[in-house]
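These numbers were taken from a predicted model, which means no experiment stands behind them.
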Amino acid sequence: MTKDDIISLPNEKLRQKSEKVNRVDDSILEIIEGMKAATLDWEASRAHEVGVALAAVQVNQLLRIVVVRDNTEDKANHDFHVFINPEITKREGGLIADHEGCLSVPDIYGKVPRYAKVRIKALNADGQEFRLKADGFLARVLQHEIDHTNGIVFIDHIKNKPKSFFRLTDEGQLEPLDYQKYIANNKALWE
Ligand code: NI
């Protein structure tokens with residue numbers, strides 16, 4: 001898969017719930033490899049952004065699969081963690097709002113409240129269950145991706161829309177978005 005396999009809003013699949021994976025077989029492993037390739041290909045096309053993570057729905061597969069980069073500080077590290085049927089088993093530490101983007105919402109960033117810490121249960125690519133405690137950026141990423149498996153996109157969490165969105169400039173800086181102008185030109189995105 002390539003970046004061209006990544007779907008974006010207003011594609012209605014992004015608002016649908018994904019199915020559980022019953023068996024981690026070769027077809028599932030092929031989708032996982034495709035997701036990694038699409039994420040890295042997207043990153044190669046973006047000057048100032050890192051391809052942090054992807055959910056299978058974003059490559060048009062309604063399956064509960066998420067891949068997350070091992071090291072988001074080092075673009076040369078192309079390893080991923082795989083989460084199949086991921087579930088949040090505990091949310092802790094209160095809500096923190098911070099900037100978030102999404103490969104399926106091009107160029108737009110928003111401040112999204114997320115729990116500071118989460119505990120996750122999932123299967124790995126060998127079909128074995130594992131548990132993980134995450135905080136900070138990883139906790140945010142996992143909440144964002146598990147939302148995707150439930151048909152939720154980050155903009156759905158933003159209440160005060162006119163004041164909460166930012167766009168990435170050509171220099172890689174975030175600047176407040178002229179929201180009224182933006183929705184006039186991108187109406188379908190927000191419906
Ligand atoms: Ni996303």
Taking all atoms of both residues into account, what is the closest heavy-atom pair of [X] and [Y], and its distance?
| X | Y | value |
| --- | --- | --- |
| Asp170 | His48 | O-NE2, 2.9 Å |
| Leu14 | Val153 | O-CG2, 3.8 Å |
| Gly93 | Ala116 | O-CB, 3.7 Å |
| Ser18 | His148 | OG-O, 4.5 Å |
| Asn71 | Glu73 | OD1-N, 2.9 Å |

Pairwise side-chain contact, [X] with [Y], heavy-atom cut-off 4.5 Å (strictly under):
| X | Y | answer |
| --- | --- | --- |
| Phe166 | Leu177 | no |
| Glu43 | Lys75 | yes |
| Pro176 | Arg167 | no |
| Glu33 | Ile31 | no |
| Asp107 | Leu168 | no |
| Lys111 | Ile158 | no |
| Arg114 | Phe154 | yes |
| Val141 | His144 | no |

Rounded distance [0.5 Å steps], [atom1] in [X] versus [atom2] in [Y]:
| X | Y | atom1 | atom2 | result |
| --- | --- | --- | --- | --- |
| Lys3 | Trp42 | NZ | CH2 | 11.0 Å |
| Ile28 | Arg23 | CD1 | CZ | 9.5 Å |
| Thr72 | Asn77 | OG1 | CG | 9.5 Å |
| Lys117 | Glu92 | NZ | CD | 6.0 Å |
| Asp135 | Arg140 | CG | CZ | 12.0 Å |
| Phe137 | Leu142 | CZ | CG | 10.0 Å |

Side chain [X], main chain [Y], donor-acceptor under 3.5 Å:
| X | Y | value |
| --- | --- | --- |
| Arg69 | Gly51 | yes |
| Asn150 | Ile152 | no |
| Thr39 | Ala53 | no |
| Glu145 | Ala55 | yes |

Answer with yes or no whether the side chains of [Y] and [X] bring together a donor and an acceptor at under 3.5 Å.
| X | Y | answer |
| --- | --- | --- |
| Arg64 | Thr149 | yes |
| Glu175 | Tyr109 | no |
| Ser104 | Gln58 | yes |

> Apart from Ile96 itself, which Ile, Leu, Val, Met, Phe, Trp or Tyr residues share its cluster (side-chain heavy atoms under 4.5 Å, direct or through members)?
Replying inline: none

Would you say [X] has more than 12 foreign heavy atoms packed within less than 6.0 Å of its [atom1]?
| X | atom1 | answer |
| --- | --- | --- |
| Glu129 | CD | yes |
| Lys133 | NZ | no |
| Gln16 | CD | yes |

>> Determine whether Arg119 and Leu132 satisfy the following criterion, side chain to side chain contact (heavy atoms under 4.5 Å, CB included), listing intermediate values before the conclusion.
In response: CA-CA 6 Å; Arg119 293 185 196 197; Leu132 179 78; over 6 Å; no

>> If the threshold is 4.0 Å, N to carboxylate O, is there a salt bridge linking Asp41 and Arg46?
In response: no

>> Could you check whether Asp156 pairs with Arg15 (Lys NZ or Arg NE/NH1/NH2 to Asp/Glu carboxylate O, under 4.0 Å)?
In response: yes

Return all side-chain donor-acceptor pairs below 3.5 angstrom for residues 120-127, not counting sequence neighbours, or 'none' if the list is empty.
residue	atom	partner	partner atom	Å
Asn124	OD1	Asp126	N	2.8
Asn124	OD1	Gly127	N	3.2
Asn124	OD1	Gln128	N	3.0

With clusters defined by side-chain heavy atoms of hydrophobic residues (ILVMFWY) lying less than 4.5 Å apart, directly or transitively, does [Y] cluster with [X]?
| X | Y | result |
| --- | --- | --- |
| Ile6 | Ile65 | yes |
| Val66 | Val52 | yes |
| Val67 | Leu103 | yes |
| Leu29 | Leu63 | yes |
| Ile7 | Met1 | no |

>> With side chain to side chain contact (heavy atoms under 4.5 Å, CB included) as the criterion, how do Asp98 and Val112 come out once you've worked through the C-alpha distance, each side chain's angles and the decisive distance to 0.1 Å?
In response: CA-CA 6 Å; Asp98 204 352; Val112 184; over 6 Å; no

Which side-chain N or O atoms in residues 80-87 pair as donor and acceptor under 3.5 Å with protein atoms at least two apart or in another chain?
residue	atom	partner	partner atom	Å
His81	ND1	Asp70	OD1	2.7
Asn85	OD1	Val21	N	2.8
Asn85	ND2	Val21	O	3.0

